[in-house]
Structures are given as C-alpha cells and as structure tokens.
Amino acid sequence: MEEFDPPKGNVRKRHDEQFKRDAVRLVELGNRSLRQVALDLGISRGTLNNWVYAAKKESKASTRADGDLVEENLRLRKENEQLKMEREILKRFSAFWVKETEGN
C-alpha cells in the first residue's frame, strides 16, 4: 500500500461540510480503518480523526437535546391535562353559581 505524504509547507486544503460528513460516514461504516479511509481520500489521519471526534460530539449533543425535548413535551402534556381539568371545574362552578344567583 502507498503511504499518504501530506503536502509540505502551509498549504491547507479546504473541504466542504458534505465531504467531511461523507468521510466520517465511511469510517462509521467500519468496512475500512480510519487510516485506510484517510489514505483513500488523500487527507491526513489526524484531520479525519478530528472530523470523526467532532461528529460524535455533535451527535451526543443532539441526542441530549432530543431527550430534553421529550421531557418538556411530557411536562407540557401533563400541564395541559391539569389545565383542562381546572377549566372543567370552573365551568361547572360558574354554571352552579349562575343557577344559585338566578334562584334568589
């Protein structure tokens, strides 16, 4: 196998977000090692490793945010049910109160 020889000097290649996501996906598939994917794509292992790490970190944050949304949704459903019950009680009370005041 041929070893990747990164360019010398301060030459930096810019890769778009889609390229980075695709590269990370190749690593996640597990068919090839991170080293092999980096070699195949012509990027350094360190760069690809940074992308994989960032993707994992973002995924964990997203999962945590999703969990927070589920919790908030449950809380709001309970609160909504409570408010519906209170509204029904107030309706009944006001109907009772109207009958009582009309009767006098």
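Because the structure is a prediction, the values reported are computed rather than measured.
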Verify same cluster id: Phe19, Leu34 (apolar side-chain graph, 4.5 Å): yes
Enter the distance from [X]:[atom1] to [Y]:[atom2] here, rounded to the nearest 0.5 Å.
X     : Y     : atom1 : atom2 : result
Glu79 : Glu86 : CD    : CD    : 9.5 Å
Glu88 : Phe93 : CD    : CZ    : 15.5 Å
Leu74 : Leu69 : CG    : CG    : 11.0 Å
Leu76 : Glu72 : CG    : CD    : 5.0 Å
Leu39 : Arg32 : CG    : CZ    : 10.0 Å
Ser33 : Asp40 : OG    : CG    : 8.5 Å

Heavy-atom pair of closest approach, residues Ala38 and Leu48: N-CD2, 3.6 Å
Expected output: side-chain Thr47 to main-chain Ile43 donor-acceptor under 3.5 Å: no
Sidechain-backbone polar pair: Thr101 side chain, Trp97 backbone, donor-acceptor under 3.5 Å: yes
Salt bridge flag under 4.0 Å for residues Lys78 and Glu81: no
Steps toward side chain to side chain contact (heavy atoms under 4.5 Å, CB included) verdict (Val24, Glu28): CA-CA 6 Å; Val24 169; Glu28 290 172 344; 3.5 Å; yes
Result of checking Gln18, Arg25, Lys20 against Asp22 for side chain to side chain donor-acceptor pair (under 3.5 Å): Gln18
Note, Leu26 side chain near Asn31 side chain (heavy atom, < 4.5 Å): no
pair Trp51-His15: side-chain heavy atoms closer than 4.5 Å: yes
